[in-house]
Amino acid sequence: MTRYDPAAIEPKWQDVWRERRTFEVEVDHSRPKYYVLDMFPYPSGRIHMGHVRNYTMGDVIARYKRARGFNVLHPMGWDAFGMPAENAAMQNNTHPATWTYANIDAMRAQLKKLGISYDWSRELATCDPEYYAQQQALFLDFLEAGFVSRKSSMVNWDPVDMTVLANEQVIDGKGWRSGAPVERRELTQWFFRISDMADELLEAIEGLSKWPDKVRLMQANWIGRSQGLQFRWALETSGIVDWPELEVFTTRPDTIFGASFCGISPDHPLTKALEGKVEGLAEFCADCRRSGTSEEEIETAEKRGFDTGLRAVHPFDPGWTVPVYVANFILMDYGTGAIFGVPAHDQRDLDFARKYGLDVLPVVCPGDLDASDFKIGDEAFVDTGRLVNSRFLDGMTVDEAKAEVIRRAEQAKQGEGITRYRLRDWGVSRQRYWGAPIPVVHCPACGVVPVPKEDLPVRLPEDVDLSIPGNPLERHPTWADVPCPKCGAAARRETDTMDTFVDSSWYFARFTAPKADTPTDAEAAEYWMNVDQYIGGVEHAILHLLYSRFFARAMHRTGHLPERSGEPFDALFTQGMVCHETYRASDGRWLSPEEVTIADGAATETSSGNRIEIGPSIKMSKSKRNTVDPDAIIGQYGADTARFFMLSDSPPERDVEWTAAGVEGASRFLNRLWRMMEELPDRSAMPDSFGAEATALRRATHKTIAGVTLDIEGFTFNKAVARLYELANAIARAASNAGAAQPDIAFARREGLETIVRLMSPMAPHLTEEMWERMGGADLLVDQPWPEADSSLTTDDVIVLPVQVNGKKRGELEVAKDAAKEDIEALALGNPDVARFLEGRPPRKVIIVPGRIVNVVI
RNA sequence: GCCCGGUUGGCGGAACUGGUAGACGCAGCGGACUCAAAAUCCGCCGGCCUUGCGGUCAUGUCGGUUCGAGUCCGACACCGGGCACCA
């Protein structure tokens, strides 16, 4: 008897695969390609079980497709720029690069222990000048092609630290370090003009048939196309400012006669013009700007307004004017930053009107109600109905009224019906050190001048001081001082770096030729693109995926990618998070699961014996210390157990709770397979005939092949695992029977176990490779083709049909697979379990769904 | 606040297109093996009523459609993800 010893066999096979370069791939036109991409990680320090889950799923697909004969590209790299490196540098007095590369080394070693089938020769890190040089080249091409613009936008400003803050660094409206209330401040920044592509990005969602519906829906809503009317209202300004009209956008032009106020954003140009001239307005606006820039913060803030004293003239009645308010809930980024409020038919407008005592006039009435009976209480009426109180619109439907108002506004040259998008341009400027420098120079004479491509990369300086807040590039004594590339005069480098989303928006393309001296290589991109299967967390459903879709288009138009569908990722799978409960000591310290002992539902700190609080199970994160490091699991059980457990039990798209008990179960199963191998009779020739028991086992085996294959294709790995357990149980039952030594049963048992080994190869590659070798399999298992199910063994001749009486199951029938309906009905009515309820009367109705069910209605 | 998900035994979950609710695993209970323990193997395992056969309730809550609803429709509750500078 031998022992299953993962500590010995896992490194053994990893070495074999590495020496043979099993997973290193090249362009090979003789074979179909398949590109599997796992979202690359941010090198935060250590791998956690969430990564293990993501990368195990990717590996199952990669190894499966390889067995199916594809030339599989499965690369891995590092999303290595970002804020945490700067924070760590500040805290530990190291350099962001030192910290980042140390983390990459640690995490690479962990990933290698897992035996994922990556082509490590293609590894890349986005902070490597080799990578960001090509990104800067892309930026210059985008700039030339008109995909880049420069404009002003709002940032979070910490007035004490005098620095821009990320939304994450704003806690309850205050700067995370200084504690000072954050303000919105306007800054001129670089943008990618993604909104120009809004329409095609929206239209193309339709074609993403292998993406989850929820992601497609979220993207469509994010882009947010709406039809509306943009039109001009004349202003009565009483001479305060010279501002003759206000441009307003609405998606509900039909409600025009229900308007009771106009609202403008605190950041609207008119507001700025009025600030010094209307008593109290400057204070009100300053108050509104004392808030972060996030939409969540703005939308959940208390709705407040300020009456400017101006009045806007109703476009269809010169004698009708409404007050103009500055309101804190109106976003300057959407529409024109100005609206007209219709309290009866918009909840936010209604709340606002009640607060400031404005009219509430219903102009759309539910179809089944008389207009005079229709009153608005606390809830706005947002459904469709019939127009009332609306002069020439009375009696129209909402759609008719919308069309009519747009028609009249256009005829009077007061406005036009237009399409608007919620999607805003992508601001890529960051006032930070650890990112790719934006390769332009600001010249006092020539303006913005691109850095010539031959001067790339624009490298980050290494001698920087990160101990004080603010952008170290701006402070650096010499780095920014350069001659203008055009005129040679003294000029200054752009000190903004790029959003890290830029880095991750094209890495999939770079992987196809990671060492090319241009961003991509035409032949490699032509062969490898698109990504056939992309796998990662659902938290990236909108931003990262949308930006990548934009990049794929922009890269095609600048000659860096073949056209294909215009989309980078043909199929997408979004997996759920790995969660763990949290532990907190009475002094507020977070404790890691390793420091805690749980007994009878109570937790104590192992070192002190003190009672501690068990918190809710949430996504594993470094800050709450509820992570489980795979090294401990791998050390105790082996990588295959960790992998197999991550695939068991939970549907991949759902969040999972990490439990040690589950790992035990997975480990037990792998050990059990090993023992089954030890007890297996010697290999023998296929017998001439099979008895009933051997045939039943062979049927189970071939049904498992068919089922597991479908489960892998459909990303239902948990079901595949359950099927493998069932087949193992069937083999064990056959083995324990008296006739187990009979040649037909012995053959079926061996066939069954060999099948398990082959089907499990993508999930537990080391154990199965070792078993394959010991069972006398040819060559390496990793090079074997995927097993095929024998279709004569996957269908049954006799099936069990449940019989219901009035929809409740009362019995079962055994019938031939293709039995006629009349025969089934006769059998059903004759069944004693049914006759019991019939009591001799004929049934009212018998419903027979072939192959599924019989329902007798009495 | 807005957009998107989820909710099934003690636990993770299964149930193909509306057709046997609880596959498979974990935990638990009982037994075998053992001096003993571990490991392993066998059996039981949603609630209630019933000695049993069986009956009945049950898929977050309330209502609806249907011969039949975990699955479809309408309301609601709770939990989670995203909201453009976390990645």
Side-chain angles (χ1 to χ4, degrees), chain A residues 39 41-42 44 79 81-84 155-156 164-170 189 194 212-215 217-222 224 292-301 303 329 333 347-348 422-432 499-501 503-504 537-544 546-547 574 576-577 579 616 618-619 648-651 653-657 659 661-666 668-669 671-672 675 710 716 718-719 721-726 729 732 736 800-812 836 844-847 849 851-858:
Chain A
M39 287 183 185
Y42 177 77
S44 56
D79 189 11
F81 273 138
M83 243 181 10
V155 293
N156 301 307
V164 176
L165 295 178
N167 283 337
E168 195 190 44
Q169 299 171 311
V170 179
Q189 311 207 70
I194 189 172
D213 287 342
K214 63 174 173 185
V215 175
L217 192 55
M218 280 191 269
Q219 293 233 338
N221 289 340
W222 185 262
T293 57
S294 80
E295 193 174 308
E296 182 187 4
E297 200 177 336
I298 293 167
E299 292 269 338
T300 52
K303 310 285 176 281
F329 58 87
D333 292 317
Q347 191 59 45
R348 212 162 44 178
R422 207 186 73 97
L423 180 67
R424 310 200 294 256
D425 278 335
W426 173 14
V428 296
S429 283
R430 296 293 180 270
Q431 294 70 43
R432 271 195 276 280
D499 177 9
T500 56
F501 271 122
D503 312 342
S504 56
V538 69
E539 67 271 21
H540 296 293
I542 297 175
L543 293 179
H544 162 61
L546 193 61
Y547 292 153
T574 54
M577 299 175 303
C579 302
I618 54 173
K619 174 181 178 172
S648 310
D649 295 346
S650 286
E653 70 278 8
R654 215 184 289 182
D655 295 350
V656 293
E657 167 70 16
T659 62
V663 187
E664 289 277 0
R668 256 200 305 260
F669 183 65
N671 275 288
R672 185 171 167 216
R675 279 194 308 277
L710 279 178
T716 47
N718 54 322
K719 286 160 64 183
V721 168
R723 284 184 212 278
L724 292 165
Y725 273 105
E726 282 180 291
N729 289 343
S736 66
V800 174
L801 218 50
V803 186
Q804 296 180 329
V805 176
N806 287 345
K808 282 187 201 281
K809 188 198 163 192
R810 299 297 179 185
E812 284 179 349
R836 192 151 57 88
R844 267 203 288 160
K845 198 166 162 192
V846 180
I847 293 157
V849 185
R852 300 232 56 102
I853 206 161
V854 181
N855 190 11
V856 179
V857 185
I858 58 176

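Throughout, protein chains are lettered first and strands after them, A, B, ... in sequence-line order, and every chain is numbered starting at 1.
Within the 4.0 angstrom heavy-atom criterion, only backbone atoms of the sugar-phosphate kind lie near A:Asp655; the bases stay farther away. Contact annotation for A:Lys719: backbone-only contact, meaning every heavy-atom pair under 4.0 Å involves sugar-phosphate atoms and none involves a base. No engagement by A:Pro41 is indicated, since no non-hydrogen atom pair under 4.0 Å with the nucleic acid exists. At the heavy-atom level, A:Asp79 lies under 4.0 Å from the strands shown only through sugar-phosphate atoms. Within the nucleic acid shown, A:Ser504 has no heavy atom closer than 4.0 Å to any nucleic acid atom. No engagement by A:His544 is indicated, since no non-hydrogen atom pair under 4.0 Å with the nucleic acid exists. Using a 4.0 Å heavy-atom criterion, one finds that A:Gly576 contacts no nucleic acid atom at all. Across all strands, A:Phe501 comes closer than 4.0 Å to base atoms (heavy-atom distances). A:Asp333 comes within contact range of no nucleotide atom at all, as no heavy-atom separation falls under 4.0 Å. Among the atoms of the strands shown, none is found under 4.0 Å from any heavy atom of A:Val846. In this structure, A:Glu664 reaches neither bases nor backbone, as no heavy-atom distance under 4.0 Å exists between it and the strands shown. Residue-level contact check: A:Met577 touches the backbone only, with heavy atoms under 4.0 Å from sugar-phosphate atoms and none from bases. Within 4.0 Å (heavy atoms only), A:Thr300 reaches at least one base atom of the nucleic acid. Residue-level contact check: A:Val164 touches the bases, meaning some heavy atom is under 4.0 Å from a base atom.
Classified by its glycosidic torsion, B:G9 falls in the syn category, the angle being within 90° of 0.
Using a distance-only test at 3.5 Å, with no hydrogens or angles considered, a donor-acceptor pair links the side chain of A:Lys303 to the main chain of A:Glu299.
Not one side-chain nitrogen or oxygen of A:Arg432 sits closer than 4.0 Å to the OP1 or OP2 atom of B:C86. The side chain of A:Asn718 contributes no N or O atom lying less than 4.0 Å from OP1 or OP2 of B:G25. Not one side-chain nitrogen or oxygen of A:Ser294 sits closer than 4.0 Å to the OP1 or OP2 atom of B:C83. The shortest distance between the side-chain N/O atoms of A:Arg810 and the OP1/OP2 oxygens of B:G55 is below 4.0 Å. The shortest distance between the side-chain N/O atoms of A:Arg668 and the OP1/OP2 oxygens of B:C26 is below 4.0 Å. Taking only side-chain nitrogens and oxygens, A:Arg672 comes nearer than 4.0 Å to OP1 or OP2 of B:C41.
For A:Glu296 and B:G82, a side-chain-to-base donor-acceptor distance below 3.5 Å is absent, hydrogens and geometry of angles not being considered. Checked by distance alone, A:Asn855 brings a side-chain donor or acceptor within 3.5 Å of a matching partner on the base of B:C67. The base of B:C85 sits within donor-acceptor range of the side chain of A:Gln431, with an N or O pair under 3.5 Å.
In this structure, B:A27 makes no Watson-Crick or G-U wobble pair, since no nucleotide meets both defining distances under 3.5 angstrom. When both distances must be under 3.5 Å, the Watson-Crick or G-U wobble mate of B:C85 does not exist. Both distances falling under 3.5 Å, in either a Watson-Crick or a G-U wobble arrangement, place B:C78 opposite B:G6. Across all strands shown, B:U66 remains unpaired; no Watson-Crick or G-U wobble contact has both distances below 3.5 Å.
With both ends at atom C1', the span from B:C48 to B:A58 equals 11 Å, rounded to whole Å. Taking the C1' atoms as reference points, B:C4 lies 46 Å from B:G43, given to the whole Å. When the P atom is used for both B:C45 and B:U34, the distance is 28 Å, rounded to whole Å. B:U65 and B:G12 are spaced 33 Å apart, taking the P atom of each and rounding to whole Å. Between B:G9 and B:A15, the two C1' atoms lie 15 Å apart (nearest whole Å).
A 4.5 Å side-chain heavy-atom check between A:Asn806 and A:Val857 finds at least one atom pair inside the cut-off. Under the 4.5 Å side-chain criterion, counting only non-hydrogen atoms from C-beta, A:Gln189 is in contact with A:Gln431. In this structure, the side chains of A:Glu297 and A:Val170 come closer than 4.5 Å at one or more pairs of heavy atoms.
With rounding to whole Å, A:Arg422 atom CZ is found 11 Å from B:C83 atom P. If you take CZ of A:Arg675 and P of B:C41, they are 5 Å apart, rounded to a whole angstrom. Remark: P of B:C86 and CD1 of A:Ile542 are 14 Å apart, rounded to the nearest angstrom.
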Nucleotide N/O to protein N/O under 3.5 Å, stretch nucleotides 4-11 of chain B:
residue : atom : partner  : partner atom : Å
B:U7    : OP1  : A:Arg654 : NH2          : 3.1

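Mapping A:Lys808 and A:Glu299 onto RNA chain B by nearest heavy atom places A:Glu299 at the nucleotide closer to the 5' end.
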